[in-house]
Amino acid sequence: MPSPTTPLLRPKPSQTRTSSSLALLQMPNQSHTPTTNLDALLRDITLGFSDGLTVPFALTASLSISGSTKIVIMGGLAELFSGMISMGLGAYNVAITEKGHWEVEYQRTLEGVRDDPETERRGVVEVLGRFGVGEESDAMRKVVREIMADEETWVEFAMEVGRGLVRPEEGRAVVSAVTMGVSYFVGGLVPMLPYFFMAGRAREALGVSVGIAVVVLLAFGFAKSWVTVRNKKAGVWGALQTLVIGAVAAGTSYGVVRLVDGIE
């Protein structure tokens with residue numbers, strides 16, 4: 001075990017990322033980034049599409065009381081574009097904030113590794129101990145020694161395994177903004193399509209829009225839950241839950257407009 005005064009070891013050419021113990025530690029890292037990026041992409045699509053299905057649909061349903069498809073389309077498109085921009089900017093700000101937080105924590109961890117290696121070493125031991133590696137075992141000594149031999153590996157281990165903070169993907173903020181914004185626009189446009197093809201028949205178009213929205217909400221809710229849980233029961237529950245949320249949003253908006261419209 002390195003003593004508190006032992007300087008950071010620099011990896012030898014033959015030692016860097018070659019041993020079986022270190023390779024095992026790095027296997028999750030090699031596959032972790034794509035999985036994390038895919039999870040983030042699915043999250044952005046889910047949030048954007050689900051909001052797009054409910055908010056614009058609720059607005060167009062309430063505007064259909066006017067009986068004018070032109071008013072419905074104008075109001076719906078205005079909401080779609082403003083919502084798309086708002087969702088995109090929101091996603092961008094969240095991604096930038098997460099990246100800034102990661103950078104601060106990375107720098108703090110790097111300084112800890114350089115200035116107080118013994119404390120950071122104890123942190124590695126505690127993390128491995130949670131996975132059943134005995135503190136005084138040969139395996140613990142070997143793994144800790146190899147992690148500490150490479151400063152970058154040590155910091156990455158402390159960040160990802162110890163703190164659960166994965167290095168943000170480059171350009172993630174822009175991808176997140178575009179993905180969520182486009183998903184919102186597409187989700188909101190689908191229930192609006194009947195109003196484009198049924199000019200002058202806003203109330204009839206509303207019935208078709210409701211039918212489309214119900215089908216899409218059920219399908220999207222099922223797909224969303226199936227992708228995340230891989231269970232049919234969870235998929236059915238997710239479909240019903242998504243449908244109920246959309247129905248409540250649309251029903252509330254429609255009811256409020258009808259109430260206001262009835263006031264003399």
Side-chain angles (χ1 to χ4, degrees), residues 1-46 91 94-176 179 224-231 234:
M1 284 287 193
S3 67
T5 57
T6 302
L8 286 174
L9 301 176
R10 294 295 175 184
K12 299 176 182 178
S14 60
Q15 181 186 34
T16 305
R17 305 179 186 271
T18 56
S19 72
S20 58
S21 300
L22 191 53
L24 286 173
L25 281 172
Q26 291 174 335
M27 282 175 61
N29 292 345
Q30 291 171 354
S31 62
H32 192 67
T33 301
T35 302
T36 303
N37 294 338
L38 177 59
D39 290 343
L41 182 65
L42 290 175
R43 178 197 64 189
D44 292 338
I45 293 174
T46 299
V94 168
I96 290 295
T97 300
E98 290 177 349
K99 185 175 185 294
H101 174 65
W102 184 90
E103 290 173 348
V104 170
E105 289 300 318
Y106 185 91
Q107 186 61 35
R108 184 180 301 169
T109 303
L110 180 62
E111 291 174 358
V113 165
R114 292 174 174 174
D115 300 337
D116 191 5
E118 178 59 19
T119 298
E120 293 296 330
R121 185 192 69 82
R122 289 299 310 169
V124 174
V125 172
E126 290 174 5
V127 169
L128 294 175
R130 295 202 299 266
F131 291 92
V133 183
E135 184 172 348
E136 300 301 326
S137 65
D138 291 338
M140 177 68 82
R141 294 189 180 92
K142 184 176 181 180
V143 173
V144 171
R145 182 172 61 250
E146 293 187 4
I147 289 175
M148 294 178 63
D150 180 12
E151 183 179 86
E152 182 180 354
T153 298
W154 191 355
V155 175
E156 291 286 351
F157 180 89
M159 290 287 289
E160 292 193 24
V161 184
R163 295 174 172 80
L165 298 174
V166 181
R167 182 188 294 272
E169 176 191 7
E170 288 297 326
R172 173 62 199 155
V174 175
V175 173
S176 181
T179 301
K224 176 184 65 175
S225 298
W226 173 256
V227 168
T228 55
V229 183
R230 297 287 180 180
N231 181 280

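Both backbone and side-chain heavy atoms feed into the values below; hydrogens, waters and symmetry mates do not.
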Is any NZ, NE, NH1 or NH2 atom of the basic residue among [X] and [Y] found under 4.0 Å from an Asp or Glu carboxylate oxygen of the other?
X	Y	result
E111	R114	no
E103	K99	yes
E160	R167	no

For the residue pair [X] and [Y], what are the closest heavy atoms and their distance?
X	Y	value
W102	V166	CD1-O, 3.4 Å
V144	R121	CG1-CG, 3.7 Å
A91	S176	CB-OG, 3.4 Å
W154	V124	NE1-CG2, 3.5 Å
T109	E120	CG2-OE1, 4.4 Å

**OP:** Show the numbers, then the answer: is there a side chain to side chain contact (heavy atoms under 4.5 Å, CB included) between T97 and H101?
**Re:** CA-CA 6 Å; T97 300; H101 174 65; 5.6 Å; no

Original post:
Given D44 and R172, is the salt bridge (Lys or Arg N to Asp or Glu O under 4.0 Å) satisfied, shown in steps?
Top reply: CA-CA 11 Å; D44 292 338; R172 173 62 199 155; 2.3 Å; yes

Subject >> Rounded distance [0.5 Å steps], CG in L165 versus CD in E105 >> reply: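 Between L165 CG and E105 CD, I get 6.0 Å after rounding to 0.5 Å.
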
Original post:
In Å and rounded to the nearest 0.5 Å, what is the CD to CG distance from E156 to D150?
Top reply: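 Rounded to the nearest 0.5 Å, the CD-CG separation comes out at 9.5 Å.
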
Subject >> Side-chain touch E151/L110, heavy atoms, less than 4.5 angstrom >> reply: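 Sidechains of L110 and E151: in contact.
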
Original post:
Hey, are the side chains of E146 and T153 touching, using non-hydrogen atoms and a 4.5 Å cut-off?
Top reply: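 No. Closest side-chain heavy atoms not under 4.5 Å.
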
**OP:** Give the intermediate values and the outcome of side chain to side chain contact (heavy atoms under 4.5 Å, CB included) for residues V143 and F157.
**Re:** CA-CA 11 Å; V143 173; F157 180 89; over 6 Å; no

